[in-house]
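Quick notes on the structure that follows.
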Amino acid sequence: MKQKMMRIVVLDGYAANPGDLSWAPFEEMGQLTVYDRTAPDEVYERCKEADAVLTNKVVLGADMLARLGQLRYVGVLATGYNVVDTDAARKHGIVVTNIPAYSTDSVAQLVFAHILNITNRVGHYATENRNGRWTANPDFCYWDTPLMELAGKTMGIVGLGNIGMKVATIARQFGMDVFAVTSKNSSDLPAGIQKTTLDGLLAISDVLSLHCPLNEQTHHLINEQTLAAMKPTAILINTGRGPLVDEDAVACALQEGRLMAYGADVMQQEPPRNDSPLLHCHNAYITPHIAWATTEARVRLMQIAADNLDAFVKGSPVNVVNP
């Protein structure tokens, strides 16, 4: 395959690059077609002559991969690659790559944006003051929500990968005691991070942040039973995957005062249903899957995606998830 003749199709490029970044590195490697979004029934027609396909959330299942006889490369524009049937891709000689560790700092930053919003309620007070609350106040200050200091509180982390470890490091800088559920050995953990069991973590955490992979064991890891084991004053944070939590159980716990607050950047269904109970809980704070979307993180994503494709073209693929 000659490099200049390679046909490259981007199925859903808008999320990663809505127009503020450049596709030029990909254009230099072949004939590039970028679609903002692709519906399931449009995938075959758009990909049938492609040598390389880039996808973020568009699913490429076994049946589709079997039909795309010319396809030799799939680049997932994300870290998670469950949208591609990697076993089927391997069977058909298709290399699949992902983008590891591009958004670590950005996701950890949003974790603490949620925590600080819940503990200090910056958004609430800014809105109140735009409506004249402070100017009409008889005292020099006011507060109508509990305000919490993080120093001395316990941060619980499920999963100590790149993001979990970064969150742990930041928590330590806030003066928090950090405990984690991790597959790492206790002897391999940095000073100030203590390994424990899930049951132990649930019982002691003032803030619990989820950073584990989504699989059969972690699906609905937070459910009615595990919520019952947590402090009613605890804050739950989920920037990992929506299905790590049973959303109905979390909403019920929030409404009944068995959980203080929930901060999430992911939901089980995205976009969420209008009738999702979490969207109507006053103590649930939901952002629209934006932790990864800082300009800096997206620049890294685009560069790594281009480097991945270039390495494949040169015969030495990197970041391969289906070796």
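Position 1 is the first residue of the sequence; numbering continues from there. All values below come from the heavy atoms of this structure, side chains included, with hydrogens, waters and symmetry mates left out.
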Would [X] and [Y] show up in the same hydrophobic cluster when neighbours are defined by side-chain heavy atoms closer than 4.5 Å?
| X | Y | result |
| --- | --- | --- |
| Ile170 | Leu110 | no |
| Leu116 | Leu208 | no |
| Met29 | Ile94 | no |
| Leu309 | Tyr102 | yes |
| Leu227 | Met267 | yes |

Applying side-chain hydrogen bond (donor to acceptor under 3.5 Å, both in side chains), can you list everything that pairs with [X], at least two apart in sequence or on another chain?
| X | result |
| --- | --- |
| Thr55 | none |
| Asn120 | none |
| Ser276 | none |
| Asn274 | none |

* Indicate whether the side chain of Asp265 and that of His114 have a donor and an acceptor atom separated by less than 3.5 Å. =>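 There is no such pair between these side chains.
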
Could you work out, with salt bridge (Lys or Arg N to Asp or Glu O under 4.0 Å) as the rule, every residue matching [X], not counting sequence neighbours?
| X | answer |
| --- | --- |
| Glu128 | Arg133 |
| Arg298 | Asp20 |
| Lys57 | none |

Is a side-chain donor or acceptor of [X] paired with a backbone partner of [Y] at a separation under 3.5 angstrom?
| X | Y | answer |
| --- | --- | --- |
| Asn322 | Val96 | yes |
| Glu45 | Glu42 | no |
| Trp292 | Thr104 | no |
| Asn238 | Ala264 | no |
| Lys195 | Thr182 | yes |
| Asp51 | Arg7 | yes |
| Ser106 | Ser103 | no |
| Asp307 | Ala311 | no |

- Item | Passing candidate, side-chain hydrogen bond (donor to acceptor under 3.5 Å, both in side chains) with Asn319, options Asn98, Asn308, Thr97 |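 Filter result, single survivor: Asn308.
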
Q. Just one of Asn117, Asp144, Asn129, Thr145 clears the side-chain hydrogen bond (donor to acceptor under 3.5 Å, both in side chains) bar with His124, so which one?
A.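 Going through Asn117, Asp144, Asn129, Thr145 one by one, the side-chain hydrogen bond (donor to acceptor under 3.5 Å, both in side chains) with His124 is satisfied by Asp144 alone.
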
When you compare the side chain of Gln31 with that of Glu49, does any pair of heavy atoms fall below 4.5 Å?
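In short, these two side chains do not touch, never coming nearer than 4.5 Å.
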
Quiz item: Can you list the residues that meet the ring-ring contact (aromatic ring centres under 6.0 Å, His included) rule with Phe174, with sequence neighbours excluded?
Solution: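 With sequence neighbours excluded, Phe174 shows a ring-ring contact (aromatic ring centres under 6.0 Å, His included) to Phe112, given in chain and number order.
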
With a cut-off of 6.0 Å (strictly less than), are more than 12 heavy atoms of other residues, nucleotides or ligands near [atom1] of [X]?
| X | atom1 | result |
| --- | --- | --- |
| Tyr44 | OH | yes |
| Arg121 | CZ | yes |
| Asp63 | CG | no |
| Gln70 | CD | yes |

Please set out all donor-acceptor pairs under 3.5 angstrom arising from side-chain atoms of residues 196-207, sequence neighbours excluded.
unit_1: Thr197; atom_1: OG1; unit_2: Gly200; atom_2: N; d: 3.0
unit_1: Ser205; atom_1: OG; unit_2: Leu201; atom_2: O; d: 2.7
unit_1: Asp206; atom_1: OD1; unit_2: Lys231; atom_2: NZ; d: 2.9
unit_1: Asp206; atom_1: OD2; unit_2: Thr154; atom_2: N; d: 2.8

Practice item. Provide the full list of salt bridge (Lys or Arg N to Asp or Glu O under 4.0 Å) pairs with a residue in residues 244-263, sequence neighbours left out, each pair given once. Key: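 Residue pairs with at least one partner in residues 244-263: Glu256-Arg258.
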
- [ ] Determine which pairs satisfy salt bridge (Lys or Arg N to Asp or Glu O under 4.0 Å) with at least one residue from residues 78-107, sequence neighbours left out, and list them in order.
- [x]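 Salt bridge (Lys or Arg N to Asp or Glu O under 4.0 Å) check on residues 78-107 returns Asp87-Arg90, Asp105-Lys166.
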
Side-chain polar contacts of residues 74-84 - donor-acceptor pairs under 3.5 angstrom, sequence neighbours left out - could you list them?
unit_1: Thr79; atom_1: OG1; unit_2: Ile99; atom_2: O; d: 2.7

Testing Leu244, Val181, Thr239, Thr218 one by one against Leu210 for a side chain to side chain contact (heavy atoms under 4.5 Å, CB included), which residue passes?
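Looking at Leu244, Val181, Thr239, Thr218, the match for Leu210 under the side chain to side chain contact (heavy atoms under 4.5 Å, CB included) is Leu244.
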
